[in-house]
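Order of the sequence lines fixes the chain letters, A, B, ..., with proteins taken first and strands second; residue numbering starts at 1 for each chain.
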Number of protein chains: 4
Amino acid sequence: MCPVKALCIKGRPRDSKRESAIAEASISLIQEVGYERCTIEAIAHKAGVSKATIYRRWKNKAEVIVHAISHHAFSQTPSIDTGNLRDDLVELLLAKVKVLKGPDGAVIASIMSAANTDSELAKAIPHSVRDGESQVHKVILERAIERGDISPNANLELLAEITPAIMTYRIFMSQQPVNRKFIESLVDDVLIPSAQKIATNK
Amino acid sequence: MCPVKALCIKGRPRDSKRESAIAEASISLIQEVGYERCTIEAIAHKAGVSKATIYRRWKNKAEVIVHAISHHAFSQTPSIDTGNLRDDLVELLLAKVKVLKGPDGAVIASIMSAANTDSELAKAIPHSVRDGESQVHKVILERAIERGDISPNANLELLAEITPAIMTYRIFMSQQPVNRKFIESLVDDVLIPSAQKIATNK
Amino acid sequence: MCPVKALCIKGRPRDSKRESAIAEASISLIQEVGYERCTIEAIAHKAGVSKATIYRRWKNKAEVIVHAISHHAFSQTPSIDTGNLRDDLVELLLAKVKVLKGPDGAVIASIMSAANTDSELAKAIPHSVRDGESQVHKVILERAIERGDISPNANLELLAEITPAIMTYRIFMSQQPVNRKFIESLVDDVLIPSAQKIATNK
Amino acid sequence: MCPVKALCIKGRPRDSKRESAIAEASISLIQEVGYERCTIEAIAHKAGVSKATIYRRWKNKAEVIVHAISHHAFSQTPSIDTGNLRDDLVELLLAKVKVLKGPDGAVIASIMSAANTDSELAKAIPHSVRDGESQVHKVILERAIERGDISPNANLELLAEITPAIMTYRIFMSQQPVNRKFIESLVDDVLIPSAQKIATNK
DNA sequence: TTTTAACCGAGACGGTACGTCACGTCTTGTG
DNA sequence: CACAAGACGTGACGTACCGTCTCGGTTAAAA
């Protein structure tokens, strides 16, 4: 007999393998057909799972997607070390564009849809996205600090936020090209000056 | 008889008043109930128009919205003149946040939905958004140039693109707060250093 | 475990009460407003059922109606016994006219619409109509045989088919009156001679 | 000046060629695609005419069809003369079946639809159908009278009505076969006994 | 000859019903 | 209880056809 009533869960326990199957199915469906045509029924079928099993765990399509995204290992930008900050940043951004235009791009785009529908829950998503992204940023920037390429006044967090913001904006909203030329001007005209700024007159 | 065959339009001409009625109805519905609950039937009813009249012009709900947005006059940020660049920018960004969180915020958010579904046509949208936004930017920056506050090396277009990008990202995607503190650090740590950068090491 | 695989029905079984509710709703709507104004949505609403539930079972409005009709118990002509064949037949036909002009008339008329659209499935309908009709016929004719009023050469099935045919034709197609005078001449000039015919010269 | 006001018709007169073009287009569309898919727009297009021109003349689709049918020359059964009544009738009915199963069959079937929808106006239609059909009947029957094959008591009109009724019923409603065997039993067991009946016991 | 009024083709328009699709819930039998 | 299967109510979608209307342009009788 179960001594602690509240912990005594009767019946068949949930199979945790289902969670991951559903998450994987969701992501690959988004990559294949896009968010709009990624239906719950299709996810269920692809995951070899029934709809009830999905809705027993999450109350919404949005939450299903949120969970899938937040457990998705986004393709990582490779570690970069050219020896100087400027070229490190350019290479990093070029690598990021490649990711955003690859299969994970559709996933990122779907975040934006989900975010609109489900503003409350969408809050949780970008952490995972940002966390992954900022890792490489940090390495590059820390190396630059050691070299003395970056002013101690620099706002590193903000710098790490600007790049995904402007690239997402260009690629998914204004549909403008994000080529090497644009990236170089972004690095030379914004990121480097900001990283090297002398003092705040605040 | 019509002298120029190609110009001789047969049949009852489309009533352009319908187009604008539909566009207005779409926008105000998005503002009232959001993109998801803005149905074609509701638009038709509000515009005093039949569904057929809508689908005769656009093949999709997405295209209807795209058209509506691209013809929408977004609320403008007021003209600002504090006398110095830094405060101009802070005031400008504060005003923009207000807009993005007001009724037009829902409209902007809906752009992101439409953009996913309708990547081809979505290209046309942001022009209207950017064009409106960049106007005030230009005034502020030009005034700063006259005062000598901005280096001739500054990349003004890029500067004008960063602000909407990061604000949209924060508000609609990462759901992070966009308060005075954040805006000030954005201005002081990124925009000003970039505007005043001395030379390109390219 | 289900021992017989083929009989093991998975998933929630269809609720057969829905079928009958839909059929009843269809028939009563046809009786009330006629075939043309009997919409699927109205049927669904009257049956307390959703459109999807209807379209899950039948692929067409026509098939819905076909099913409804083929499960409808048409109002029966009462049993008749005047003691002689001639008057039995006259009374029977008068009773039938009454039925065809009553609520079931609209239903019979709708058969003709459905039959045009849905020639394949319409085959199934008239069984129900004929089966009900022929019952009373048989009783009358068998009694007449016992009395010796009918020649053993008579083609009883054909006789039983002529009356609904000519009455349907008159009422629904040529819109001619079907009054007592017409019925008497039909009985005296066609049915009785045919029933009493002496021999086939074939 | 026009002396009789009522007769004074100004403006471009209606082109009567349109009426026939519309009627022909209607009939051939019914023959090709059936009543259900014979739309006003298709008729207009096929007749090289605008919808307005159609609705200027008739207020309904039903009336358009009614007019077309009532001006349609149904394919005639050929004149028959085998020398005896029984074989004349059999040949006649076989010829009629052929007609009903040919292109005009669809037209006849459409009458039934129109009759249901438009009970008021449908009254006018069958005259044209019956008139054409009864012609051949009459010739055959009159010849039989001359030969003395038919009793002077026979109800010829009723006889002429039974055949189309039962054949229409079989072909379009109960979908039963109308083959030579059925036709012979109809002639031998019903038509001939009725035609030769000795006296009315009325 | 000019005016006038109805005709005509084309196709926009409001309306109504259709048949489809996805969501999220519910109901079976089975493990 | 979990689970697969799939029925169910709901509500929006996009389509099709009806019958009306509004254009520019034509045609024949009336003035």
I want to confirm an ordering. Mapping C:Gly48 and B:Gly11 to their closest nucleotides on DNA chain F, which one lands closer to the 5' end?
C:Gly48
When you measure from the side chain of B:His71 to the backbone N and O of B:His67, does any donor-acceptor pair fall under 3.5 Å?
yes
Is it possible for you to check whether C:Lys61 lies under 6.0 Å from the centre of the six-membered ring of C:Tyr55, through NZ or CZ, and within 45° of that ring's axis?
no
Side-chain ion pair, C:Lys46 and C:Glu32, N-O less than 4.0 Å
yes
Rounded to the nearest angstrom, tell me the gap between atom CD1 in C:Ile54 and atom C1' in F:dG11.
15 Å
For DNA chain F, determine which residues of residues 16-29 of chain C have any heavy atom closer than 4.0 angstrom to one of its atoms, and list them numerically.
C:Arg18
So, OP1 or OP2 of F:dA4: does either fall under 4.0 Å of a side-chain N or O from A:Thr53?
yes
Where along nucleotides 19-26 of chain E does protein come under 4.0 Å, by heavy atom, of base (B) or sugar-phosphate alone (S), with - for untouched nucleotides?
BB-SSBBB
Measuring to OP1 and OP2 of F:dA5, would you say a side-chain N or O of C:Arg14 lies under 4.0 angstrom away?
no
C:Asn60 and C:Val64: side chain to side chain contact (heavy atoms under 4.5 Å, CB included), yes or no, with the steps?
CA-CA 6 Å; C:Asn60 262 300; C:Val64 176; over 6 Å; no
Less than 4.5 Å apart, side chain to side chain, heavy atoms only: is that true for B:Gln31 and B:His72?
yes
Stem list for DNA chain F, please, built from Watson-Crick and G-U wobble pairs under 3.5 Å and keeping only runs of at least 3.
E:1-31 with F:1-31
Determine the minimum heavy-atom distance between A:Ala44 and A:Ser50, stating which atoms define it.
CB-C, 4.2 Å
I need the NZ-C1' distance between C:Lys10 and F:dC3, as an integer number of Å.
9 Å
With heavy-atom distances below 4.5 Å as the criterion, would you say the side chains of B:Arg18 and B:Asp15 are in contact?
yes
List the atom of B:Tyr35, the atom of B:Ile30, and the distance in Å for their closest heavy-atom pair.
N-CG2, 4.3 Å
Grab the NE2-P distance between D:His45 and F:dC17 for me, whole Å please.
14 Å
Protein-nucleotide distance (A:Ile43, atom CD1; F:dA5, atom C1'), rounded to Å
18 Å
Side chains of C:Ile22 and C:Trp58 in contact at under 4.5 Å (non-hydrogen atoms)
yes
For the pair C:Thr53 (side chain) and C:Val49 (backbone), establish whether a donor and an acceptor sit closer than 3.5 Å, ignoring hydrogens and angles.
no
Measuring only between side-chain heavy atoms, which start at C-beta, is C:Lys51 closer than 4.5 Å to C:Arg56?
no
